[in-house]
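Below is one structure, written out as structure tokens; comments come after it.
Owing to the predicted nature of the structure, the values given are computational and were not obtained by experimental measurement.
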Amino acid sequence: KKGMVIIMNKITKNTRTVFIPPRGRNDTERYVAINGRRMLVKCGEAVEVSPEFAEIINQSLEQDRKSDEFIASNRMQD
């Protein structure tokens, strides 16, 4: 489902596995930055990242979901 938040709970060697669903055909990766550290995270694949990046990704996906809900609920009816 589009905009669905998926954070897997698998934790290995101080990393977390995250999955970012692609939002379109050309959505292949996302740029994520925190405190001067940055990385590109592939969309559509389970990827292991540090806990700080997992938290930021989770927050971003949650905001995507909320904005999709807001847009859908406020879309004008024909």
Side-chain angles (χ1 to χ4, degrees):
K1 184 176 177 182
K2 250 186 179 177
M4 189 166 72
V5 177
I6 302 172
I7 295 292
M8 300 173 187
N9 290 326
K10 179 181 170 192
I11 301 173
T12 317
K13 298 180 196 168
N14 203 26
T15 64
R16 299 214 177 144
T17 303
V18 297
F19 179 84
I20 302 174
R23 292 182 63 87
R25 188 170 47 151
N26 295 322
D27 189 14
T28 59
E29 57 192 17
R30 300 275 175 90
Y31 177 81
V32 183
I34 181 169
N35 296 332
R37 296 172 50 210
R38 56 197 178 275
M39 68 185 316
L40 287 174
V41 180
K42 287 189 174 198
C43 295
E45 292 182 24
V47 181
E48 296 219 4
V49 297
S50 66
E52 313 82 62
F53 283 102
E55 183 177 347
I56 296 301
I57 291 166
N58 187 34
Q59 291 172 1
S60 174
L61 292 172
E62 181 65 18
Q63 287 302 314
D64 285 349
R65 184 189 64 75
K66 287 179 180 180
S67 71
D68 289 344
E69 284 178 2
F70 179 80
I71 291 167
S73 68
N74 290 292
R75 187 170 282 145
M76 294 184 67
Q77 301 294 324
D78 290 335

Original post:
Does some side-chain heavy atom of Arg75 sit less than 4.5 Å from a side-chain heavy atom of Ile71?
Top reply: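 When only atoms from C-beta onward are counted, Arg75 and Ile71 do touch, with a gap below 4.5 Å.
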
Original post:
So do the side chains of Asn58 and Arg16 get within less than 4.5 Å of each other, counting heavy atoms only?
Top reply: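 SC-SC contact between Asn58 and Arg16 ruled out.
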
**OP:** Using the rule that two of Ile, Leu, Val, Met, Phe, Trp, Tyr join whenever any of their side-chain heavy atoms come within less than 4.5 Å, decide whether Leu40 and Ile20 are in one cluster.
**Re:**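 As far as the 4.5 Å side-chain criterion goes, Ile20 and Leu40 are not connected within one cluster.
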
**OP:** Report the residue from Val32, Ile56, Ile57 that forms a side-chain contact (heavy atoms from CB on, under 4.5 Å) with Val18.
**Re:**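 Of Val32, Ile56, Ile57, side-chain contact (heavy atoms from CB on, under 4.5 Å) with Val18 is met by Ile57 alone.
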
Original post:
Who are the side-chain hydrogen bond (donor to acceptor under 3.5 Å, both in side chains) partners of Gln59, not counting sequence neighbours?
Top reply: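 side-chain hydrogen bond (donor to acceptor under 3.5 Å, both in side chains) list for Gln59, sorted by chain: Glu55.
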
Original post:
So, for Pro21 and Leu61, which heavy atoms are closest and what is the spacing to 0.1 Å?
Top reply: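 Where Pro21 meets Leu61 most closely, the heavy atoms are CD-CD2, 4.2 Å.
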
Original post:
Do Arg65 and Glu62 sit within salt-bridge range, that is, some charged N less than 4.0 Å from a carboxylate O?
Top reply: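 Salt bridge: yes.
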
**OP:** State which residues pass side chain to side chain contact (heavy atoms under 4.5 Å, CB included) with Glu45; sequence neighbours excluded, sorted by chain then number.
**Re:**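 For Glu45 the side chain to side chain contact (heavy atoms under 4.5 Å, CB included) partners, ignoring immediate neighbours, are Lys42, Val47.
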
Original post:
What residue pairs, at least two apart or across chains, pass salt bridge (charged side-chain N to carboxylate O under 4.0 Å, His left out) with a residue in residues 28-39?
Top reply: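 Applying salt bridge (charged side-chain N to carboxylate O under 4.0 Å, His left out) to every pair that reaches into residues 28-39, excluding sequence neighbours, yields Asp27-Arg30, Arg30-Asp64, Arg37-Glu52.
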
Original post:
If you count the non-hydrogen atoms of other residues, nucleotides and ligands that lie under 6.0 Å from CZ in Phe70, is the total more than 12?
Top reply: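 No, the 6.0 Å shell around CZ holds no more than 12 heavy atoms from other groups.
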
